[in-house]
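Dropping the structure in here first, questions after.
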Amino acid sequence: MRRSAEVAVVGAGAAGLVAARELLREGHAVAVFEKSGRVGGTWAYDPRADADPLGRDPGAPGAVHGSLYASLRTNLPRELMGFSGFPLAGRVFADDPRTFPGHREVLAFLDAFAVDSGVAAHVRLRAEVLRVRPLGRGQGQHWAVAWRGEDGEVVEEAFDAVVVCSGHCSVPLLPKIRGINKWRGKQMHSHNYRTPEPFQDQSVVVVGLGASGIDIAREISHVAKEVHIAARYSEDRLGKIELYHNAWMHGEIECIQDDGQVRFAEGSSVSADTILYCTGYRYHFPFLDLDGFTIDDNRVGPLYKHVFPPKYAPNLSFVGLPYKSIIFSSLELESKWVAAVLSGRAKLPSKEGMMADVEEDYQRMEDAGKPKRHTHTLWPRWVEYLNWLADQVGEPHLEPRRCEMYEKALKCIWSLDEGYRDRWEEESIGSGSP
Ligand code: FAD
């Protein structure tokens, strides 16, 4: 017999919305808490930036959640950004039919998804979760959720389970740079980058070669005097970037020299006006203070398959932690899994079994020399993860065509070519390396 639980979902971004849909479908009762005034999370472009351009204090009054820049278009084709039964492909939601649409299109898609799925009626807007704590013997059979509503009043409510979907692209992850105290120029994290104009005629060092770093470096190069990209794994591409008239690829930043210049791993150095960090984000759950559950060098854990903390499973779970995969598919499959485990339709191993699996994963990473902070990166084993989730809930494996599409998108991003989004249908472009 299926069990039905009362479930609190923290956050109404893409993860919270699809988690709520799957929980409702499985027969659970759901309350979605969303601290902002709308659903959509990251995809609600926020023109504001943090007072501190490095965004070092996520608890600062008015700290901004969103990290999108004004010109942002998806880095995956729309076919890889829909949910089952509610595709983004083949339909237009905000007058932007492009294969790689702008952020407004994705936000309108999520708005429509919330309504179509019936989830919208379960969302409490301007309801910020302040604390989530286990009730009873502390093993997480029941949970107390303290939240603050629009009127400022704090209320605590009991739930059987909590699904954390609060996102992880809001709090900058900043590298430690030797000699940074000698730096006299500006510093900013991409979390606070919105438009290229402030970089007019500047010499800018962009740190990081992820999707955002590549997009932003390219956009800035149209107005800046010079753009210098500092990146790991760039050895085979050092020097002038042919595609741009004013951009160079370097190794990692080695240090800031005594004369204030930025020195790169390959030995070259430049004078610059700004260092712009496109170095990703750190996980941050200010409302959770749980025994034996930590964030260590950006490893959230222990977590069984990135979703269940063994000690508190199945009534505490996380949807949306892993990255470098078809994100919307992993959000949906993780959500189906959580919903099925809560109803008893899917089974988890014993707590010891889950811990052993986590330890095995950690050991595998250590043997491969991977730092802890890469724990939640799915690439290159992302297909294995999605198919494993699919097996848990009786869903079909990922179609090979979609796998190929994702790998092609990654190659396109790494190719640094500005036009890949608009040429997608016609050709397969260049290849790069991670
Ligand atoms: P979010 O969208 O961040 O939603 C979390 C929600 O939780 C927010 O609404 C927030 O207000 C709410 N919240 C947080 N804390 C609390 C609290 N205490 N109480 C109540 N509510 C709370 N993915 C793709 O698939 N394709 C792309 O092209 C793509 N491009 C991206 C570009 C950028 C610059 C960034 C930053 C991300 C991009 N992503 C992309 C990844 C993107 O993060 C995911 O697509 C997806 O939006 C993640 O959804 P989420 O619900 O996990 O998090």
Side-chain angles (χ1 to χ4, degrees), residues 8-20 31-46 58-59 63-83 88 99-103 105-107 109-110 113-114 123-132 145-149 162-173 189-194 208 210-216 278 280-281 283-288 306 318-332 334-335 376 406 409-410 412-413 421:
V9 174
V10 184
L17 294 176
V18 74
V32 184
F33 294 90
E34 170 51 53
K35 69 178 177 184
S36 78
R38 64 162 1 279
V39 304
T42 288
W43 293 98
Y45 171 71
D46 189 339
V64 174
H65 181 84
S67 300
L68 296 193
Y69 26 101
S71 66
L72 183 131
R73 290 173 67 184
T74 62
N75 48 51
L76 297 181
R78 49 171 72 229
E79 198 170 334
L80 299 184
M81 289 192 59
F83 295 122
L88 176 56
T99 305
F100 293 78
H103 51 79
E105 178 75 6
V106 182
L107 182 63
F109 161 78
L110 290 173
F113 175 72
V123 179
R124 305 186 196 175
L125 296 176
R126 298 184 191 84
E128 179 176 8
V129 171
L130 302 177
R131 184 143 192 246
V132 170
V145 174
W147 59 281
R148 183 171 45 216
V162 176
V163 186
V164 177
C165 304
S166 52
H168 58 82
C169 292
S170 290
V171 184
L173 184 62
H189 187 275
S190 57
H191 168 60
N192 286 311
Y193 174 86
R194 296 293 178 269
S212 294
I214 291 171
D215 266 355
I216 291 172
C278 299
Y281 296 89
Y283 295 96
H284 182 62
F285 306 103
F287 48 87
L288 280 180
H306 309 282
F318 293 75
V319 169
L321 260 55
Y323 54 96
K324 275 215 181 152
S325 141
I326 305 176
I327 300 281
F328 277 42
S329 298
S330 72
L331 297 180
E332 177 167 344
E334 288 176 351
S335 299
H376 306 292
Y406 179 71
L410 284 188
C412 287
I413 292 167
R421 290 178 170 96

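All figures in this text were calculated on a predicted structure; none of them were measured in a lab. Every number for a ligand or one of its atoms is a count from 1 in the order of the listing. Starting from 1, each residue takes its place in the sequence as its number.
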Query raised in the report: Taking C-beta and beyond as the side chain, do C165 and V163 meet within less than 4.5 Å on heavy atoms?
Result: yes
**Report entry** 4.0 Å heavy-atom contact, A127 with ligand 1
**Finding:** yes
Query raised in the report: Do E34 side-chain atoms and A12 backbone N/O form a donor-acceptor pair below 3.5 Å?
Result: yes
Query - For atom 32 (C) of ligand 1, closest protein heavy-atom neighbour - result: L72 CD1, 3.6 Å
Query - Donor-acceptor under 3.5 Å (R421 side chain, L76 main chain) - result: no
Query - Atom indices of ligand 1, in the order listed, that fall short of 4.0 Å to a heavy atom of F328 - result: 25 (O), 45 (O)
**Report entry** Matching residue for L17 among V39, V32, L331 - test: side chain to side chain contact (heavy atoms under 4.5 Å, CB included)
**Finding:** V39
Query raised in the report: Parallel, tilted or perpendicular: which describes the rings of H168 and Y323, with under 30° parallel and over 60° perpendicular?
Result: tilted
Query - Minimum-distance pair of heavy atoms, taken over all atoms of L321 and H376 - result: O-CB, 4.0 Å
Report task. Check whether any protein heavy atom sits under 4.0 Å from atom 41 (C) of ligand 1. Result -> no
Query raised in the report: Between R194 and D46, is there a donor-acceptor pair closer than 3.5 Å when you use the side chain of the first and the backbone of the second?
Result: yes
Report summary line: Counting from 1 in the order shown, the ligand 1 atoms closer than 4.0 Å to a non-hydrogen atom of F287 are 18 (N)
Requested in this report: Apply ring-ring contact (aromatic ring centres under 6.0 Å, His included) to the pair Y69 and Y45, showing each step before the final yes or no.
Outcome: CA-CA 7 Å; Y69 26 101; Y45 171 71; 8.9 Å; no
Query raised in the report: Can you find an N/O atom of Y281 closer than 3.5 Å to an N/O atom of ligand 1?
Result: no
Query raised in the report: Which word best sums up how the rings of F287 and F285 line up, parallel for under 30°, tilted for 30 to 60°, or perpendicular for over 60°?
Result: perpendicular
Query raised in the report: Under 4.0 Å between a Lys/Arg side-chain N and an Asp/Glu carboxylate O for R73 and E105?
Result: no
Requested in this report: Check each of Y323, W43, Y193 against atom 23 (N) of ligand 1 and report the one with the nearest heavy atom.
Outcome: W43
Query raised in the report: So which protein heavy atom does atom 20 (C) of ligand 1 come closest to, and at what separation?
Result: K35 N, 3.2 Å
Query raised in the report: Heavy-atom distance under 4.5 Å between the side chains of T74 and P101, does that happen here?
Result: yes
Query raised in the report: What's the shortest distance from atom 12 (C) of ligand 1 to any protein heavy atom, and which residue and atom give it?
Result: E34 OE1, 3.3 Å
Report task. Return yes if some donor-acceptor pair links the side-chain N/O of S212 with the main-chain N/O of C278 below 3.5 Å, else return no. Result -> no
Query raised in the report: For ligand 1, which atoms have a heavy atom of T42 less than 4.0 angstrom away?
Result: 1 (P), 2 (O), 3 (O), 43 (O), 47 (O)
Report summary line: for atom 4 (O) of ligand 1, nearest protein heavy atom and its distance come out as G13 CA, 3.5 Å
Requested in this report: Below 4.0 angstrom from a heavy atom of F33, which ligand 1 atoms are there? Numbered from 1 as shown, please.
Outcome: 20 (C), 21 (N)
Query raised in the report: Given side chains that start at C-beta, do those of P322 and E334 come closer than 4.5 Å, heavy atoms only?
Result: yes
Report task. May I ask you to identify the nearest protein heavy atom to atom 53 (O) of ligand 1, giving residue, atom name and distance to one decimal place in Å? Result -> G167 CA, 3.3 Å
Requested in this report: With heavy atoms of T74 as the reference, note each atom of ligand 1 found under 4.0 Å away.
Outcome: 28 (O)
Query raised in the report: Which atoms of ligand 1 are found less than 4.0 Å from any heavy atom of S212?
Result: 34 (C)
Query - For atom 30 (N) of ligand 1, the option (of V9, L321, N75) bearing the nearest heavy atom - result: N75
Report task. Only heavy atoms count here, so choose which of A15, S67, G320 is nearest to atom 52 (O) of ligand 1. Result -> A15
Query raised in the report: Looking only at distance, does I327 have an N or O less than 3.5 Å from an N or O of ligand 1?
Result: no
Query raised in the report: Within the structure, does R73 bring an N/O atom to less than 3.5 angstrom of an N/O atom in ligand 1?
Result: no
Query raised in the report: Does atom 48 (C) of ligand 1 have any protein heavy atom closer than 4.0 Å?
Result: no
Query raised in the report: Does any N/O atom on H168 come nearer than 3.5 Å to any N/O atom on ligand 1?
Result: no
Query raised in the report: What is the minimum heavy-atom distance between H191 and S67, and which atoms define it?
Result: ND1-OG, 2.7 Å
Report task. Around atom 24 (C) of ligand 1, find the nearest protein heavy atom and jot down its residue, atom name and distance. Result -> M81 CE, 3.7 Å
Query raised in the report: What are the atoms of ligand 1, with element, lying closer than 4.0 Å to any heavy atom of G41?
Result: 2 (O), 4 (O), 8 (C), 9 (O)
Requested in this report: Examine distances only and state if a side-chain atom of R126 and a backbone atom of G149 form a donor-acceptor pair shorter than 3.5 Å.
Outcome: no
Query raised in the report: Under 30°, 30 to 60°, or over 60°: which ring-plane class applies to F33 and W147, parallel, tilted or perpendicular?
Result: tilted
Query - Nearest neighbour in protein (non-hydrogen) for atom 33 (C) of ligand 1 - result: L68 CD2, 3.7 Å
Requested in this report: Please indicate whether any nitrogen or oxygen in Y69 is less than 3.5 Å from any nitrogen or oxygen in ligand 1.
Outcome: no
Query raised in the report: For ligand 1, which atoms have a heavy atom of C165 less than 4.0 angstrom away?
Result: 5 (C), 6 (C), 7 (O)
Query raised in the report: For atom 15 (N) of ligand 1, what is the nearest protein heavy atom, given as residue, atom name and distance?
Result: S166 CB, 3.6 Å
